[in-house]
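See structure below.
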Amino acid sequence: MLAAGGGICALLIGLNVQLMFSNTRQLHEHSAWVAHTHAVIGGIQSILSLMKDAETGQRGYLITGDPRYLEPYDASIVAINEKVGEVAKLTADNPSQQARFPELKDRIAKRLALLAGNIEARRDRGLEAARQNVLSGLGKAEMDALRALTAEMTRDEERLLEERSGEAQRSYRWALATGVLAGVAALVVVIALVVVLQRHYVARSRAAAVIYNQRELLRVTLASIGDAIVTTDVHGRVTYLNVIAEALTGWKQADAAGIPLERVFNIVNEDTRRVVENPAMRALREGIIVGLANHTVLIARDGSERPIDDSASPIRDESGEIVGCVLVFRDVTERRDAERQIRVRVEQLAEGDRRKDEFLATLAHELRNPLAPLSNAMAILKRAGNDAAVLARTREMMERQLHQMVRLIDDLLDVSRISRGKLDLRVERVELGSVIRQAVETCKPMAEAARHEVTLALPEQPIELEADPVRLAQVFSNLVSNACKFTPPGGHVRIAAALQGDEVSVTVSDDGIGIPQDKLDEVFDMFAQIDHSLERSHGGLGIGLTLVRKLVGMHGGSVVAHSDGPGQGSLFSVRLPLG
């Protein structure tokens, strides 16, 4: 008996050592992955920091012209390439990060090329040439894109860090729990052996108490775990649910006991709505640990649904026979929502970046257009001598081109001031009809050049508003000029105003090219352009409607666009509150 007891104690000690070794190794692996993820995040941040160092060195050289300021710039270039290679090796196990490296290298190369161009311009042509390069905004745009890319890579690693930290915490809790349970079990066995040697009849009662204590300890442990836990017998019938499992499934322990698990744990695929194979049944059938598939939804007893994940594992007795299964799962609604919001935000940022690039291309095109005529005009003026007719035509052409440039820049400044809250309205009592007539008069040359018929329909009784007359005239002139611009020659443009309760409605309609139905809300966006070829052929930046919406909003009003589709004309309706 003593030898058997000693053998059992030795076996328990061996199991404890093996369990401790296994738990220690698992904790070490998880800790190594956490440290690895920290290293990746640090590497990404170092890349961005080195780019900033390169910019700082370049900036010092541009300002001073002293080559010594290029030393940190040169050092940063070498370090950047080394750091990129280092991070690439660190993320070799992460396909999503590896997929970003071509873009990362391309962004870095473009930014470094721009820095080198600035330095070369400073060295060869002086400070002003370098200053013009910097003011082009290309370097800032590339650096912003690089920051966005490294921020995206950092967010991915931070998500990995959160997951791996969670896994390390779970491993720690599991190691602690199993160590305590193993220690308690060993102690109980030792006590039981001593009691058996002393008194046989006392041993039975003590053994029963130990078994009861173990069962209660297991019950309390399962009940206190933060995840939902369901256990079954070998036939897949429910034997236990902890409190979390009761809350998620909607079944109470008393109601679920003895019921097939498929009824209590009803799961479907989130996308296809097809029934998913129960992982616990597969664990019972094959004797393996089974993880739930992605996009799995649990349908509770009351019909409510929530996304879940985790795993099922068979329960074996001392002989290795499967006697049941334990199913562990958790509600991942918040995580899914966060992932969905991140995806939407990334798509929004990508779309905004694309629109910004298109807008900048249009801006460069529109600002460059007047330069060729102005350059030609300067040449004509040099050769014209005292020819009054030639001088007059040349001056008129130069005035038109300069007026176009001034109008483009004024629109940009107005949008910028409104966005920054720097534009103030000079409100006074104004008569709506006079403001509209002033706007129509501003667009009269454009309408006459296109042979448009412009008609006004204003109420006989004057309509007075509390508004900024200059900005309100700017609203209507932008709408009328847009109507003239996108209406074929010989078309019709109509401006109408009418009282509607405590508001006044002003509509500007045309029989021009129209607007697709799915673009009606986008025409007011800052970087949105419905048809780039049309915008280029008619001139302008496509920000006139953005300015209209912002100015109308500052007056407490609203503006909407209507169109039956391409070729069906357009109608813009402005509603303003009466004074």
Side-chain angles (χ1 to χ4, degrees), residues 403-404 406-450 452-487 492-510 512 523-526 540-562 570-579:
H403 176 72
Q404 175 68 6
V406 169
R407 182 174 180 183
L408 292 175
I409 295 171
D410 283 345
D411 283 352
L412 282 172
L413 290 175
D414 284 344
V415 172
S416 175
R417 292 189 188 106
I418 294 174
S419 300
R420 293 182 291 114
K422 300 296 185 181
L423 183 65
D424 296 325
L425 297 180
R426 298 180 179 180
V427 178
E428 60 184 69
R429 198 73 173 177
V430 298
E431 201 277 308
L432 179 63
S434 64
V435 174
I436 294 176
R437 292 187 187 94
Q438 178 185 348
V440 172
E441 185 66 25
T442 302
C443 302
K444 187 176 180 180
M446 180 186 294
E448 291 178 346
H452 292 326
E453 180 183 342
V454 180
T455 58
L456 280 175
L458 303 177
E460 295 182 1
Q461 182 180 359
I463 300 174
E464 293 189 344
L465 304 173
E466 294 288 339
D468 185 327
V470 174
R471 294 304 179 182
L472 205 55
Q474 187 177 3
V475 167
F476 296 124
S477 65
N478 275 351
L479 292 177
V480 174
S481 65
N482 257 20
C484 293
K485 183 188 302 183
F486 294 106
T487 299
H492 300 81
V493 178
R494 186 173 186 272
I495 304 97
L499 287 172
Q500 294 183 356
D502 58 352
E503 292 182 325
V504 60
S505 171
V506 181
T507 59
V508 178
S509 58
D510 60 66
V523 296
F524 296 101
D525 292 345
M526 177 63 183
L541 298 175
I543 63 173
L545 292 180
T546 300
L547 195 55
V548 166
R549 181 175 61 178
K550 291 181 179 294
L551 289 174
V552 170
M554 292 178 69
H555 281 84
S558 62
V559 57
V560 294
H562 303 275
S570 306
L571 182 146
F572 288 84
S573 177
V574 177
R575 300 179 71 89
L576 296 167
L578 296 175

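Nothing here was measured: the structure is a model prediction, and the numbers come from that model.
Smallest separation of non-hydrogen atoms from V435 and P469: CG1-O, 4.1 Å. Between V454 and A447, the closest heavy-atom pair is CG2-CB, 3.7 Å. Here the closest heavy-atom approach between residue G501 and residue L578 is recorded as O-CD1, 3.9 Å. Closest approach of A467 and V430 over heavy atoms only: O-CG1, 3.9 Å. Nearest heavy-atom pair across A498 and P459 is CA-CG, 4.4 Å. When all heavy atoms of G556 and P577 are compared, the pair lying nearest together is O-CD, 3.7 Å.
The structure places OG of S505 at 10.0 Å from CG of L499, a figure rounded to the nearest 0.5 Å. Atom CG of L458 and atom CD1 of I495 lie 8.5 Å apart (nearest 0.5 Å). Rounding to the nearest 0.5 Å places CD1 of I436 at 5.0 Å from CZ of F476. Taking CE of M446 as the start and OG of S481 as the end, the distance is 5.0 Å to the nearest 0.5 Å. If you take CG on D468 and NE2 on H555, they are separated by 5.0 Å, rounding to the nearest 0.5 Å. The NZ atom of K550 sits 12.5 Å away from atom CG of L545, with the distance rounded to the nearest 0.5 Å.
Between E464 and L432 the shortest side-chain heavy-atom distance does not fall below 4.5 Å. Looking at F524 and T546, their side chains never come closer than 4.5 Å, going by heavy atoms from C-beta outward. Put simply, the side chain of L576 does not reach to within 4.5 Å of the side chain of E503, judged on heavy atoms. For the pair H452 and H492, the minimum side-chain heavy-atom distance is 4.5 Å or more. The closest side-chain heavy-atom distance from V475 to V506 is not below 4.5 Å. Side-chain contact between V493 and T455 is absent, with no heavy-atom pair separated by less than 4.5 Å. Side-chain contact check for L456 versus R437: some heavy-atom pair is nearer than 4.5 Å.
Atom CD of E428 sits in a crowded spot, with more than 12 heavy atoms from other residues, nucleotides or ligands closer than 6.0 Å.
Here the side chain of R494 pairs no donor or acceptor atom with the backbone of S509 at under 3.5 angstrom. Panel note: side chain S434, backbone E431; a donor-acceptor pair is recorded below 3.5 Å.
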